[in-house]
Protein chains: 2
Amino acid sequence: MPHAADRLTIGELAGRSGLATSALRYYEELGLITSERTAGGQRRYHRSMLRRLAFVRAAQRVGLSLEEARHTLARLPTERAPNATQWAPVARAWQQRIDEQIAELELLRRKLSGCVGCGCLSLKKCALYNPDDTAATHGPGARWLLGDTPPEPPGRD
Amino acid sequence: MPHAADRLTIGELAGRSGLATSALRYYEELGLITSERTAGGQRRYHRSMLRRLAFVRAAQRVGLSLEEARHTLARLPTERAPNATQWAPVARAWQQRIDEQIAELELLRRKLSGCVGCGCLSLKKCALYNPDDTAATHGPGARWLLGDTPPEPPGRD
DNA sequence: GCTCGACTTCAAGCGTCCTTGAAGTAGCAG
DNA sequence: CTGCTACTTCAAGGACGCTTGAAGTCGAGC
């Protein structure tokens, strides 16, 4: 064991979190994590930072920016695990985001499925190019796949 | 109608694709789309570029970089819609990526579900912090949620 | 043939998320 | 106490995906 106390050096935190030390310093600068300093000025991290980092990583996967993660983190306890009351709204919000992402991906997947056998990406024949469900999903106006476009005037492909 | 021929100006292509003209020039620079030029040097796009752009947007949503999209695009016909033989492997590869993403999100979702009621993010008690399925999903070594970490030595949280 | 908006190029800038490098210090093993 | 690695700060750089601005040209309508 490299050192005595129950505080983690930046290298240890890096090893345990899977993040680079440079990333950890950056996160600290952003206020995502905090540290104490030794007499000599080196960082020492409380182990609760592991939780915060796990949270940040999860937040990123849910599609949040580091700034957004910071805001959410600010409403959770610093050194303690959040209790159910604190955690529930966060978890619910995230689940909603996740559900939306899954729904989007499944829509795209279905469209691709339809295309595997159809010599696809041929305008007017393919679900990838025709609104229907996409239109419903993405608001008003003709939309296909991932962008807007009129359903192609006359002309061929 | 702004002009005669069946070629699209960059403004028209932008309008129809939902992308900014600056993005279109950038894409052209990257080799994602091509254009012809008028005598005066202005770009004119074949309508098949709409398909390529739809493809690129879809690729982005599947998580590909523009570079990766370019590679894939290079194996599909330039001005024609791909046939089933050309398209099938691409669609299958994308579906696989989509499936992986969905699986990841569902895993995260399940973990969050378990946590809503548990005062979560408390080390050792919570699925978010304990390997199990995540370990299987992300290769060797102990991993929780989105990073590596040993399952916490002695001490408390 | 003029006008005016849409186009052109080129260079620089931007937001996000970090990494890299230089120059120097801390802290633990022996 | 030496020595070596891990640490420190600060500034710059870098990848990705574009956007913005300046300065100038094209081209369709009147």
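Each chain gets a letter, A, B and so on, in the order the sequences are listed, and its residues count up from 1. Because the structure is predicted, anything quoted here is derived from the model rather than measured.
Within the helix from dG1(C)-dC30(D) to dG30(C)-dC1(D), the inter-axis angle between the opening and closing five-pair segments is 10°, rounded to 10°.
For Leu66(A), whose side chain is taken as the heavy atoms from C-beta onward, the closest listed nucleotide among dT19(D), dC18(C), dG17(D) is dC18(C). Side-chain proximity of Arg25(A) to dT9(D), dG17(D), dA28(D): nearest is dT9(D). For Arg44(A), counting side-chain heavy atoms from C-beta on, the closest listed nucleotide (dT19(C), dC28(C), dG17(D)) is dC28(C).
If you find the closest nucleotide of DNA chain C to Ile10(B) and to Gln42(A), the one lying nearer the 5' end belongs to Ile10(B). With the nearest nucleotide of DNA chain D identified for both Leu64(B) and Gly41(B), Leu64(B) has the one nearer the 5' end.
One finds a side-chain N or O of Thr9(A) lying less than 4.0 angstrom from the OP1 or OP2 phosphate oxygen of dC7(D). Phosphate contact (OP1/OP2 of dC7(C), side-chain N/O of Arg43(B), threshold under 4.0 Å): absent. Of the side-chain N and O atoms in Tyr27(A), one or more sit less than 4.0 angstrom from OP1 or OP2 of dC18(C). Remark: Gln60(B) is in phosphate contact with dC18(D), judged by side-chain N or O atoms under 4.0 Å from OP1 or OP2.
When heavy atoms are screened at a 4.0 angstrom cut-off, Ser65(B) is found touching the sugar-phosphate backbone but no base atom.
To the nearest angstrom, C1' of dA6(D) lies 13 Å from OH of Tyr45(A). Spacing between atom CG of Leu19(A) and atom P of dC17(C) amounts to 13 Å, rounded to whole angstrom units. Rounding to whole angstrom units, CD of residue Glu68(B) and P of dA15(D) are separated by 16 Å. One interatomic measurement links the two molecules: CG of Leu24(A) to P of dC17(C), which rounds to 15 Å at whole-angstrom precision.
Between the Glu106(B) side chain and the Ala103(B) main chain, no donor and acceptor come within less than 3.5 Å of each other. At distances below 3.5 Å, at least one donor-acceptor pair connects side-chain atoms of Gln101(A) with backbone N or O atoms of Val62(A). In this structure a side-chain-to-backbone donor-acceptor pair under 3.5 Å is present from Glu12(B) to Thr9(B). Between the Gln96(A) side chain and the Ala93(A) main chain, no donor and acceptor come within less than 3.5 Å of each other.
A heavy atom lying under 4.0 Å from DNA chain C marks the following residues of residues 29-40 of chain A, by number: Thr38(A), Gly40(A).
With respect to Arg43(B) and Glu36(B), no salt bridge is recorded, no charged nitrogen being found less than 4.0 Å from a carboxylate O. With respect to Arg109(B) and Asp99(A), a salt bridge is recorded, a charged nitrogen being found less than 4.0 Å from a carboxylate O.
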Worked check of side-chain hydrogen bond (donor to acceptor under 3.5 Å, both in side chains) between Ser35(B) and Glu28(B): CA-CA 8 Å; Ser35(B) 66; Glu28(B) 191 171 332; 2.5 Å; yes
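The side chain to side chain contact (heavy atoms under 4.5 Å, CB included) test with Leu32(A) is passed by exactly one of Leu53(A), Leu66(A), Leu24(A): Leu66(A).
Taking all atoms of both residues into account, the shortest heavy-atom contact from Thr78(B) to Arg52(B) is CA-NH1, 3.5 Å.
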